[in-house]
Enquirer: 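Quick one: the structure is below, questions incoming.
Predicted model, so just to flag it, every value in this text is computed and none were measured.
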Amino acid sequence: MSDAVSDVVQAGPEALDLPAPEDLTPAQTRGAVCVWCEVQLTVATAIDLGPRMGLPPGDEPNPDEPDKNLMRWYPRACTRCTADRAHRALYEHVPLCEQCVDEAALCPVGRTLYRLVREGRR
């Protein structure tokens, strides 16, 4: 995983607005296809978004045991979708981030999102 993606992964799944694992196909949860557009991925084209925990497709959360039946899933995405989501996240992040308002170059999340946008637009 690149440092840029690693920084965004640390910021949490909401940074790139990942879909819930229960809404995905098995191919998406294992990282064979893009988590957003379902395009087939290769080692060269995939951006690893880091392992996550969530409910398997088709399972409903149990209010009495919220951690029951959790599975590890491995979202990956194509560069185009990652750049698109990073662009959206950047527009949401910047106005709410005091560091970005003061000096955007010093905010690690803002810089990372910007790098993801640039890398995906090549």
Side-chain angles (χ1 to χ4, degrees):
M1 180 180 336
S2 77
D3 290 340
V5 175
S6 179
D7 289 345
V8 171
V9 167
Q10 295 299 323
E14 63 280 352
L16 291 178
D17 195 26
L18 288 176
E22 59 267 17
D23 298 333
L24 302 174
T25 66
Q28 287 173 306
T29 59
R30 71 174 187 272
V33 298
C34 177
V35 75
W36 290 295
C37 72
E38 296 190 51
V39 69
Q40 190 73 33
L41 299 171
T42 66
V43 174
T45 62
I47 295 178
D48 185 352
L49 301 174
R52 312 286 174 147
M53 294 295 288
L55 289 172
D59 275 13
E60 295 291 324
N62 182 342
D64 298 327
E65 298 179 76
D67 294 336
K68 187 177 181 182
N69 297 333
L70 289 181
M71 67 168 207
R72 186 171 301 276
W73 62 293
Y74 304 89
R76 297 191 321 160
C78 64
T79 54
R80 185 191 309 178
C81 286
T82 303
D84 181 55
R85 293 310 191 284
H87 191 247
R88 292 180 200 178
L90 187 62
Y91 274 99
E92 290 177 16
H93 171 80
V94 170
L96 303 175
C97 174
E98 185 177 335
Q99 183 61 65
C100 284
V101 171
D102 292 342
E103 180 64 42
L106 299 178
C107 176
V109 173
R111 274 194 338 258
T112 299
L113 291 169
Y114 181 74
R115 276 182 53 201
L116 287 171
V117 171
R118 298 268 315 212
E119 288 174 13
R121 303 284 189 216
R122 290 187 210 171

Enquirer: Distance check, rounded to the nearest 0.5 Å: C81 atom SG versus E38 atom CD?
Expert: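 Taking SG in C81 and CD in E38, the distance rounds to 10.5 Å.
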
Enquirer: Looking only at non-hydrogen atoms, find the nearest pair between P19 and L24 and report the distance.
Expert: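 Minimum heavy-atom contact is CG-CD2, 3.6 Å.
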
Enquirer: So which heavy atom on L90 is nearest to which on G110, and how close?
Expert: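 Closest approach of L90 to G110: CD1-O, 3.6 Å.
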
Enquirer: Report yes if some heavy atom in the side chain of V101 is under 4.5 Å from a heavy atom in the side chain of P95; otherwise report no.
Expert: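 With C-beta onward as the side chain, the pair stays apart.
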
Enquirer: Is I47 reachable from Y114 through a run of I, L, V, M, F, W or Y residues, each pair having side-chain heavy atoms under 4.5 Å apart?
Expert: yes

Enquirer: Measure the spacing between SG of C97 and CD of E92 and express it to the nearest 0.5 Å.
Expert: 13.5 Å

Enquirer: Is there a donor-acceptor contact under 3.5 Å from the side chain of T45 to the main chain of L41?
Expert: no

Enquirer: Sequence neighbours excluded, which residues qualify as side chain to side chain donor-acceptor pair (under 3.5 Å) partners of T79?
Expert: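 Testing T79 for side chain to side chain donor-acceptor pair (under 3.5 Å), a comparison that skips the adjacent residues, returns none.
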
Enquirer: Do you know the tightest heavy-atom contact between C107 and H93?
Expert: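 Closest pair (atom of C107, atom of H93, distance): SG-NE2, 3.3 Å.
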
Enquirer: How far does CG of L70 sit from CE of M53, to the nearest 0.5 angstrom?
Expert: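 Output value for this atom pair is 5.0 Å.
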
Enquirer: If I compare all heavy atoms of W73 with all of V35, which pair ends up nearest, and what's the gap?
Expert: CZ3-CG2, 4.1 Å

Enquirer: Tell me, do L113 and L16 make a side-chain contact under 4.5 Å, heavy atoms counted?
Expert: yes

Enquirer: Measuring from atom CG of D17 to atom CZ of R88, what distance do you get when rounded to the nearest 0.5 angstrom?
Expert: 7.5 Å

Enquirer: Between L49 and W36, which heavy-atom pair has the shortest distance, and what is it?
Expert: CD1-CH2, 4.0 Å

Enquirer: For C34 versus C78, what's the shortest heavy-atom pair and its separation?
Expert: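 Looks like SG-N, 3.5 Å.
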
Enquirer: Looking only at atom types and distance, does a side-chain atom of Q28 sit under 3.5 Å from a main-chain N or O of A32, one as donor and one as acceptor?
Expert: no

Enquirer: Please determine whether residues V109 and V94 belong to a single hydrophobic cluster, defined as Ile, Leu, Val, Met, Phe, Trp and Tyr linked transitively by side-chain heavy-atom distances below 4.5 Å.
Expert: yes

Enquirer: Under a 4.0 Å threshold between the charged nitrogen and the carboxylate oxygen, would R80 count as salt-bridged to D84?
Expert: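 Here D84 does not pair with R80 in a salt bridge, since their nearest N and O are not under 4.0 Å apart.
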
Enquirer: Can you measure from CZ (R72) to CZ (R52) and round to the nearest 0.5 angstrom?
Expert: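 Separation between the atoms: 11.0 Å.
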
